[in-house]
Amino acid sequence: NAGVTQTPKFQVLKTGQSMTLQCAQDMNHEYMSWYRQDPGMGLRLIHYSVGAGITDQGEVPNGYNVSRSTTEDFPLRLLSAAPSQTSVYFCASSLWTSRDTQYFGPGTRLTVL
Amino acid sequence: GQQVMQIPQYQHVQEGEDFTTYCNSSTTLSNIQWYKQRPGGHPVFLIQLVKSGEVKKQKRLTFQFGEAKKNSSLHITATQTTDVGTYFCGAGGTSYGKLTFGQGTILTVHP
């Protein structure tokens with residue numbers, strides 16, 4: 001099992017550009033989520049999904065879109081990148097819900113100029 | 001929304017000293033999870049607490065869940081350089097969808 005994989009590992013964008021951060025898991029987990037990590041702010045939930053076709057907003061959803069067409073994949077889309085979105089992004093998955101052990105991917109470090 | 005405060009934000013210790021980080025919520029929690037993130041790495045699950053007053057141990061690590069299920073602590077006895085990293089608590093509220101993390105405590109261990 002590869003676990004949770006994320007691509008790319010690093011990305012630099014210009015303000016206004018759009019891009020998709022990829023996240024995939026091969027553990028047949030129903031629950032997937034996206035967090036951003038900023039210094040002193042901990043991990044903040046952006047969006048989450050409890051199964052294919054079901055998504056919901058977390059604490060900081062503005063500027064981000066998600067979809068869940070398959071159990072395995074949960075991409076995060078930045079519609080029009082802003083410098084405030086410079087951060088490290090982690091995808092996580094768990095068997096059923098947020099109350100199960102979360103398995104985190106290696107992260108994507110995004111810089112928006 | 002649910003807020004979880006974690007203190008301290010930073011802790012510097014000499015190797016061999018003890019370390020404790022605290023996680024506090026204003027609302028009753030359904031469960032609390034603890035994660036460790038090594039520098040440059042990703043969070044890795046350590047343990048989950050569910051019951052009021054629960055205490056669990058993993059070698060030198062002791063985890064406690066408060067009687068009112070509003071706070072938790074992680075205590076490391078006799079720290080080692082391998083303990084370096086950021087420790088996060090993740091709190092579950094009434095929803096099964098959201099896990100709210102504290103700000104994390106960055107632990108530095110001086111040899």
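All chains are named by letter (A, B, ...) in the order of the sequence lines, taking the proteins before the strands, and each is independently numbered beginning at 1.
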Report task. Count the heavy-atom pairs under 4.5 Å between each of A/Ser49, A/Gly58, A/Gly40 and chain B, then report the option with the highest count. Result ->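 Highest number of heavy-atom pairs under 4.5 Å: A/Gly40.
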same_hphob_cluster([X], [Y]) at 4.5 Å side-chain heavy-atom cutoff:
{"X": "A/Leu76", "Y": "A/Leu79", "answer": "no"}
{"X": "B/Leu49", "Y": "B/Val4", "answer": "no"}
{"X": "A/Phe90", "Y": "A/Leu110", "answer": "no"}
{"X": "A/Val4", "Y": "A/Ile46", "answer": "no"}
{"X": "A/Leu21", "Y": "A/Tyr35", "answer": "no"}

Query - Interface residues of residues 22-46 of chain B facing chain A - non-hydrogen atoms under 4.5 Å apart - result: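 Within residues 22-46 of chain B, near chain A: B/Ser30, B/Asn31, B/Gln33, B/Tyr35, B/Gln37, B/Gly41, B/His42, B/Pro43, B/Phe45.
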Report task. Say whether, by atom type as modelled, one donor and one acceptor occur between the side chain of A/Glu59 and the main chain of B/Thr100 under 3.5 angstrom. Result ->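 Not at all, since once roles are kept as given, no pair shorter than 3.5 Å links the two residues.
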Could you look at [X] and say if it's the side chain, the backbone, both or neither that has a heavy atom under 4.5 Å from chain B?
{"X": "A/Gln6", "result": "neither"}
{"X": "A/Asp100", "result": "backbone"}
{"X": "A/Leu45", "result": "side chain"}
{"X": "A/Tyr103", "result": "neither"}

Query raised in the report: Do you know which of B/Lys98, B/Gln9, B/Gln6 has the most heavy-atom pairs under 4.5 Å to chain A?
Result: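 The option with the most such pairs is B/Lys98.
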Query raised in the report: More than 12 non-hydrogen atoms from neighbouring residues, nucleotides or ligands closer than 6.0 Å to CZ on A/Arg44, yes or no?
Result: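 Yes, the 6.0 Å shell around CZ holds more than 12 heavy atoms from other groups.
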Query raised in the report: Can you tell me how far CZ of B/Phe88 sits from CD of A/Gln102, rounded to the nearest 0.5 angstrom?
Result: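 If we round to the nearest 0.5 Å, A/Gln102:CD and B/Phe88:CZ are 14.0 Å apart.
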